[in-house]
Each structure stands twice: as structure tokens, then as C-alpha cells.
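First comes the structure, then the notes that go with it.
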Amino acid sequence: MSTPKTLYDKIWNDHLVSENEDGTSIIYIDRHLVHEVTSPQAFEGLKIANRSVRKPNFTLATADHNIPTTNRDEGISDPESKLQVDTLEENCKEHGITFLSMSDKRQGIVHIIGPEQGFTQPGMTIVCGDSHTSTHGAFGALAWGIGTSEVEHVLATQTLVQTKAKNMQINIQGELPLGVTAKDIVLKIIQTIGTAGGTGYVIEYTGDAIKSLTMEGRMTVCNMSIEAGARAGLISPDEKTIEYLKGRPFSPAENEYQSASDYWLSLASDEGAAYDKTVNIDASDIIPQVTWGTSPEDVVSIDGLVPNPDDESDETKKKSMIRALEYMGLVPNTPLKEVKVDKVFIGSCTNGRIEDLRAASKIAKDRKVADHVNAIVVPGSGLVKQQAEEEGLDKIFIESGFEWREPGCSMCLAMNADKLKPQERCASTSNRNFEGRQGRGGRTHLMSPAMAAAAAINGKLSDSREI
Amino acid sequence: MEKFKKIESNAIPLPMVNVDTDMIIPKQFLKTIKRTGLGKNLFYELRYDEKDAPIDSFVLNQDKYKDSQILITGKNFGCGSSREHAPWSILDYGIKCIIASSFADIFYNNCFKNGILPIKLDESEVNKLQKAAENSLSFTIDLENQKISYFDKNINHEVSFELDKAKKTSLLEGLDDIGLTLAKVNHISDFENKQKSRTPWLYSQQIK
């Protein structure tokens with residue numbers, strides 16, 4: 001019998017084009033997602049070198065980072081943003097790449113539309129010039145973010161030159177308590193291993209608590225692998241994966257679905273496969289999590305206090321804590337539940353899917369957003385928006401006082417008009433609480449959709465289970 | 001890509017940990033469709049106040065570091081977004097070598113695609129170099145021999161560093177990665193044929 005292999009080992013082996021003498025390998029890339037911010041220089045590079053796109057039909061493009069979430073009929077008013085989006089459209093036309101434009105109802109955040117369209121499938125290698133490409137790992141696809149030079153490399157060759165990463169297993173044992181979500185799991189993971197904990201590794205998430213998650217929840221966990229330092233996160237495919245992909249536009253046709261499914265299931269990590277590192281976390285210990293600082297590892301439980309730098313013995317850490325607290329305008333030992341918020345953002349590739357909007361709407365239903373709070377809901381795609389409207393979620397949000405927007409990345413990175421003003425504090429379902437991420441001087445607290453909705457209602461950070 | 005040559009320069013000390021790519025180059029500068037011109041906005045929010053005036057206390061605004069080609073910084077440098085605008089802005093500013101105890105994966109990789117040398121050293125070693133940088137000593141970065149050297153009080157200090165062979169060659173020779181891969185295009189075609197028979201649905205799936 002051959003040595004037991006991990007899911008990562010299997011996908012790697014199945015995509016090995018050749019091994020170079022210097023220890024690197026050429027890896028085949030099955031699917032390439034492209035967006036407007038990280039691609040123009042890649043297409044320009046192709047043009048300069050007189051190269052073409054090797055597999056236009058393995059490539060899917062959309063505009064998501066730069067586009068407005070209001071008044072779509074008026075187009076993009078910012079000339080620079082408009083130029084970038086127009087440039088992508090022209091490049092796609094020139095190279096025969098499918099482009100889902102702002103007026104297409106399938107348009108949305110690349111990491112939402114890939115799975116939604118069945119473009120993302122188990123066992124694939126998927127890349128995109130975007131660090132949250134790790135999201136697609138929820139399907140058991142090896143998916144990772146790349147820079148623009150590599151975008152160009154993939155366009156020209158449909159391959160990348162890579163060095164194999166190490167295997168890390170993060171095992172979430174046991175059952176998740178009621179009202180605790182995938183976002184809380186991944187925040188807990190980042191707190192546990194730190195933002196550089198996964199550097200050099202591909203993380204595979206295992207255990208009952210992971211298996212019990214829906215595909216949406218699994219995407220939330222894999223999405224933030226990069227916040228734990230890992231370029232890719234993976235979950236072994238199972239019946240839920242197969243069920244989710246059935247009948248989607250780019251999924252295998254009916255006559256091929258059985259053989260595809262058999263192959264997908266065969267990719268799951270073998271019993272006894274060796275990991276270079278294993279981390280165990282008990283699901284029953286997790287309660288709703290929020291970030292207090294300016295790094296995604298600055299995580300506390302909602303019933304906790306703002307940490308005190310005096311309790312930190314490591315001088316460098318202490319210094320960065322002091323800086324973070326000052327930036328965040330927080331006083332040590334303040335109960336998190338006393339921290340008032342000004343804005344609430346529900347959306348992003350982390351939490352902009354239908355299940356996320358359902359969870360937030362449950363909290364919002366028959367309640368009002370606090371007077372001092374401005375809250376927005378930005379669906380992850382046109383199809384998520386449509387589905388939510390069919391379920392009446394838009395009405396619940398609007399009646400409650402939330403704004404109901406058009407799909408895009410929006411306030412997750414604030415490249416469009418949706419941003420925080422200096423010192424504004426935001427309860428956000430996105431993935432990064434870096435200084436300035438949601439607008440210069442803006443203060444971000446990361447949390448789940450239910451928790452963000454609870455913060456909107458109470459006007460301060462709150463435990464969604466107590467509403 | 002330009003070949004990496006020996007560097008002689010003082011070094012900018014930036015003793016911060018987890019410097020993310022949002023901090024290196026904020027989102028408002030990602031709207032460009034060019035690779036060049038980003039240097040003036042490197043570390044924008046640390047470097048300029050809300051009225052765009054330089055913040056004197058920030059290290060990049062100090063005259064003595066104006067022409068530095070080396071940055072010495074804290075662990076997990078370049079974490080966060082995959083934006084290659086981060087190394088582009090660093091290179092455009094004139095920095096060709098970054099020294100830290102660790103780098104985030106995507107950023108580390110992006111550096112080599114742009115002729116920037118990221119050097120990983122033990123934290124204690126980085127701290128020593130930080131001190132030397134604060135005193136504005138001149139460093140020599142010799143990639144060929146994988147050595148950093150500097151004179152402090154007439155004593156020559158030498159620090160060796162490790163680097164993957166492929167990455168070293170790529171920098172020294174300024175290689176065109178895509179050209180090298182395309183030279184193996186037969187392997188790619190062979191792979192595609194093999195894959196097509198093994199997992200045919202990957203090829204029958206059509207984008208409508």
C-alpha cells in the first residue's frame with residue numbers, strides 16, 4: 001500500500017507538470033479568477049512581450065473592488081476606478097475571457113461567484129490576484145492568492161513555478177455551542193496560532209465542528225487562512241460538497257457528475273496521513289469572538305475585556321499593543337460590551353453569502369438599528385442579492401434601518417466610496433482590521449454577521465446570543 | 001527584470017512587527033494601471049498627515065535616509081493583501097533589499113518577481129542591524145556571496161544569510177520567469193492531454 005497522503009499532497013501530485021533542477025516545480029493551474037485591481041499590469045506585460053492567454057476559457061473575470069454599491073445606473077463616477085474597470089473589460093474582450101460586468105446579475109466578489117457558478121470544484125488548483133482566494137479551499141480545491149507577476153505567468157502559461165508548502169492540520173473537535181459560527185471558529189484559530197502561524201504551510205481544517213459546517217461556513221473559515229499566514233486552507237470534499245455543486249452553471253454535466261464525484265471523494269486525506277504540524281481546538285470552548293486591535297490575531301471573546309499591555313511581558317508585543325489601543329481609542333480593561341460603534345458593515349468575501357445575510361436578518365427582524373449607527377448590508381453577488389430579496393431579507397433589513405446595497409467588496413477595503421471617517425468605529429464582518437483598512441483612521445472590529453447585526457441594534461458591541 | 005547588483009547604502013530602520021501591505025501602500029493608490037510611480041506614496045499614512053504634509057518624525061522623512069536602498073524591519077513583514085503594488089512602491093522608492101526575521105509568503109514571493117532581495121535573519125541578528133541602521137552606518141549587501149557587511153567603530157562585521165538557490169539565480173541573472181516556463185511548453189501540453197483523459201469534465205465545462 002502506498003503511503004497515506006493528505007488532500008494537499010494529492011492535489012499537488014495531480015498537478016505536477018515537471019520538476020525543475022533547482023527544487024521548484026511547475027504546477028498546472030486549472031482555473032484563474034481575475035479582477036480589475038491586480039490584473040492591468042499583467043495584461044500590459046503580455047502585450048509588451050507579445051504573448052497570448054493560453055486558456056481563456058479556464059479564466060473568469062469580474063469587477064468587484066472598485067465598483068459603487070449605490071446608484072449603479074450612473075456608472076462609476078471616480079475616473080480612476082472607471083479606467084481600471086474599463087481596462088479589464090477591454091483586456092477580456094481582446095483575449096476572449098468571460099467578463100461579468102457590473103450590469104450582469106452574476107457579478108459579485110470573485111470568491112463568492114466562483115463557488116456560486118460551480119467554477120470552483122474539488123481537486124482543482126485555483127488562483128487569483130487576491131489573497132482571499134483561500135476561500136475556495138472549502139471545496140477541497142487548492143486555491144491561493146498571487147501577485148500580478150504571477151497573474152501574468154498564469155495567463156501566459158496556465159502554470160506557476162512553486163515550492164511545495166508544509167502540511168498543517170487544524171482539528172476542531174466536538175460540537176459548536178448554539179449561536180457560535182464559522183467566523184468565531186476562524187477568529188479563534190487566528191488568535192491561537194497568530195497571523196504568522198501558518199506561514200509556509202497549507203492548512204487543512206478537520207474535525208467534527210468543521211464537518212458539521214455548511215459550505216458557506218466552510219468558505220468563511222478557509223477565507224481567513226491568509227490572516228493566519230497560510231496561503232491556502234483546505235477542507236476535504238464530502239457529500240455536502242457534491243450536493244452544493246450539483247446543477248451549477250459550470251459544474252460537470254450530469255453524465256460526468258458521478259465520475260467527478262467519485263474522484264472528488266477520493267481526494268480526502270487518507271487515514272494516518274502525516275502532517276508537519278497539528279493544532280487541536282475544542283469547539284465547545286468557543287464563544288462569539290471579536291477583535292479589539294489592528295491585527296486579526298487581536299481577538300477576545302465578547303464577554304471579555306480590552307486587554308492590558310501591562311500584562312504583556314514581551315516588549316515588542318507590548319509596544320504594538322499600546323500602539324493598537326491608541327489607534328483603536330480603547331482603554332485597557334474596558335468590557336467589550338461597553339464599546340460603542342458608529343458603523344456596521346455586513347458583507348465581504350468572508351461573510352457576504354446568503355447564509356450570512358439570513359443570520360444577520362434574524363437578529364434584525366422586528367428590531368431597529370440604534371439611532372447613532374449607520375449600518376449597511378452589501379450582498380456578495382448579484383445572485384446572493386436576488387436570493388435574499390426572494391426571501392424578503394431586504395425588507396427586514398430596510399425596515400430595521402439598514403441600507404441595502406449593490407454587490408461588491410465595498411467597505412471591506414474601502415476602495416470605493418464606502419469608507420469610515422477618522423476615528424469612526426465599525427462592527428464589520430470582513431477579514432482585516434489593519435490600520436486604515438476601512439478608511440484612514442477608521443477603527444474596525446471583526447465579528448460574525450449575527451454579532452455585527454447585534455452591534456447595530458444595541459449601538460455597541462454585543463453578544464448576539466443575548467438578543 | 002534588472003539584474004541584482006551589489007548594494008552599498010545605509011539602511012532605514014523600521015522596527016515594527018506585522019507591517020501589512022495596506023500600510024505599505026494604501027488602497028487609494030491601487031487604482032493605477034501602471035507599475036511605476038508608487039514610491040512617493042510608500043508608507044503613505046505613516047509618512048504624511050491628513051493634509052499630505054510630511055510627518056517629520058517618520059523615518060522616511062529624515063534626510064539621512066533619503067537615498068537608502070535597504071529597509072530593516074520587524075517580523076511578518078508584508079502580511080495581508082497580495083497586492084504587488086507593495087513591492088512596486090518599495091522598488092520605486094529605491095529600496096532593493098529588505099531585512100526582517102520573517103516575511104509573509106505572498107509578499108516574499110512578489111519581491112523576487114521585482115528584483116528585490118528579502119533577507120531572513122534571526123531576530124537577535126536583525127536587532128543588531130537595526131542599531132547599526134539607527135547610527136546610519138553603511139552596509140554592503142553581497143548576494144553572490146550571501147553576505148551583509150558593515151563597519152562599526154573600525155571593526156568589520158559580517159553576517160551570512162540563507163537563500164533558496166532558484167531565487168538567488170533569478171535575482172542575479174534578472175531572469176524572465178515566463179520565458180523559462182514557456183521553454184517547457186511541451187511538458188504543459190503533455191500534462192493537459194493526460195489530465196483531459198483523467199478528469200475530462202475539467203475540459204468539457206464551457207463558460208457561457
Side-chain angles (χ1 to χ4, degrees), chain A residues 17-18 20 22-24 26 28 30 37-38 40-41 44 49 51 57 60 66 80-81 83-84 87 98 123-124 129-131 145-150 152-153 156-159 161 163 195-196 199-200 229 231 249-250 252-253 256 260 263 295 316 320 413-415 422 432 434-437 440, chain B residues 15-18 20-23 26-28 30-35 45 50 74-76 79-85 87-88 102-107 109-110 113-114 164-166 169 176-182 184-185 187-188 190-192 195 198-202 204-208:
Chain A
V17 172
S18 70
N20 298 325
D22 58 21
T24 59
I26 299 183
Y28 197 75
D30 295 325
V37 178
T38 56
Q41 296 86 351
E44 187 195 34
R51 287 171 178 147
N57 61 343
L60 179 64
N66 255 314
E80 278 182 296
S81 297
L83 177 63
Q84 215 171 41
T87 304
T98 303
M124 281 179 167
D130 193 287
S131 61
I146 56 178
T148 300
S149 296
E150 288 191 319
E152 186 180 338
H153 196 119
T157 70
Q158 205 57 33
T159 67
V161 178
T163 310
T195 51
T199 305
R231 285 179 85 167
F250 303 151
E256 286 182 314
Y263 171 71
S295 166
T316 322
S320 69
L413 87 165
M415 255 188 102
R432 290 186 176 135
F434 296 154
E435 286 183 25
R437 171 79 178 181
R440 186 171 187 154
Chain B
M16 287 173 73
V17 296
N18 295 326
D20 57 75
T21 53
D22 272 82
M23 203 179 257
K27 72 249 224 159
Q28 63 267 36
L30 308 188
K31 296 181 183 182
T32 176
I33 56 170
K34 300 282 165 213
R35 281 181 161 94
E45 285 176 14
E50 273 147 46
K75 69 163 185 175
N76 199 26
C79 60
S81 155
S82 63
R83 58 187 70 165
E84 203 162 312
H85 308 70
W88 292 338
S102 66
F103 294 88
D105 276 344
I106 303 179
F107 176 83
N109 204 46
N110 281 342
K113 309 284 177 195
N114 292 283
D164 181 81
K165 198 176 142 215
T169 313
D176 165 23
D177 287 354
I178 298 177
L180 289 176
T181 301
L182 284 176
K184 297 190 173 176
V185 72
H187 292 280
I188 301 174
D190 289 349
F191 176 88
E192 285 170 342
Q195 192 188 40
R198 194 180 51 202
T199 50
W201 58 88
L202 290 176
S204 52
Q205 178 196 51
Q206 284 302 316
I207 296 167
K208 288 151 251 185

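These numbers come from a predicted model, not from an experiment.
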Heavy-atom contact with chain B under 4.5 Å, split by part of A/T87: side chain
Whether A/R440 side chain and B/E45 backbone form a donor-acceptor pair below 3.5 Å: yes
Residue A/S81 versus chain B: region with a heavy atom under 4.5 Å: both
Per-residue contact mode, B/E192 against chain A (heavy atom under 4.5 angstrom): side chain
Which of B/P87, B/G80, B/G74, B/P15 touches chain A most, by non-hydrogen pairs under 4.5 Å: B/G80
For chain A, the option from B/W88, B/F103, B/F191 that forms the most heavy-atom pairs under 4.5 Å: B/F191
Any A/T148 side-chain heavy atom under 4.5 Å of B/K113 side chain: no
A/R432 versus chain B, the contacting section by heavy-atom distance below 4.5 Å: side chain
Inter-residue atom distance A/I26.CD1 - B/T181.OG1, 0.5 Å rounding: 4.5 Å
Selection from A/G436, A/S131, A/P40, A/A49 maximising heavy-atom pairs under 4.5 Å formed with chain B: A/S131
Contacts of type salt bridge (Lys or Arg N to Asp or Glu O under 4.0 Å), residue B/R35, not counting sequence neighbours: A/E152
Minimum heavy-atom distance A/G147-B/N110, with the two atoms named: CA-OD1, 3.3 Å
Part of A/V17 lying under 4.5 Å from any heavy atom of chain B: both
Partner chain A: residue of B/M23, B/K165, B/Q28 with the largest heavy-atom pair count (under 4.5 Å): B/M23
Toward chain A, the part of B/T169 with a non-hydrogen atom under 4.5 Å: neither
Atom of B/I33, atom of A/Q41 and distance for their closest heavy-atom approach: C-NE2, 3.4 Å
Any B/N109 side-chain heavy atom under 4.5 Å of A/R231 side chain: yes
Portion of A/A253 that has a non-hydrogen atom of chain B nearer than 4.5 angstrom: neither
Engaged part of A/T199 at the chain B interface, taking heavy atoms whose separation is under 4.5 Å: both
4.5 Å side-chain heavy-atom contact, A/S18 and B/K184: yes
B/N18 portion near chain A, given a 4.5 angstrom heavy-atom threshold: side chain
Contact origin within B/S81 toward chain A - heavy atom pairs under 4.5 Å: both
Toward chain A, the part of B/F107 with a non-hydrogen atom under 4.5 Å: neither
Segment of B/K34 engaging chain A (4.5 angstrom heavy-atom cut-off): both
Main-chain N/O of A/Q84 paired with B/K31 side-chain donor or acceptor, under 3.5 Å: no
Max heavy-atom pair count under 4.5 Å with chain B, selected residue of A/T316, A/T38, A/I146: A/I146
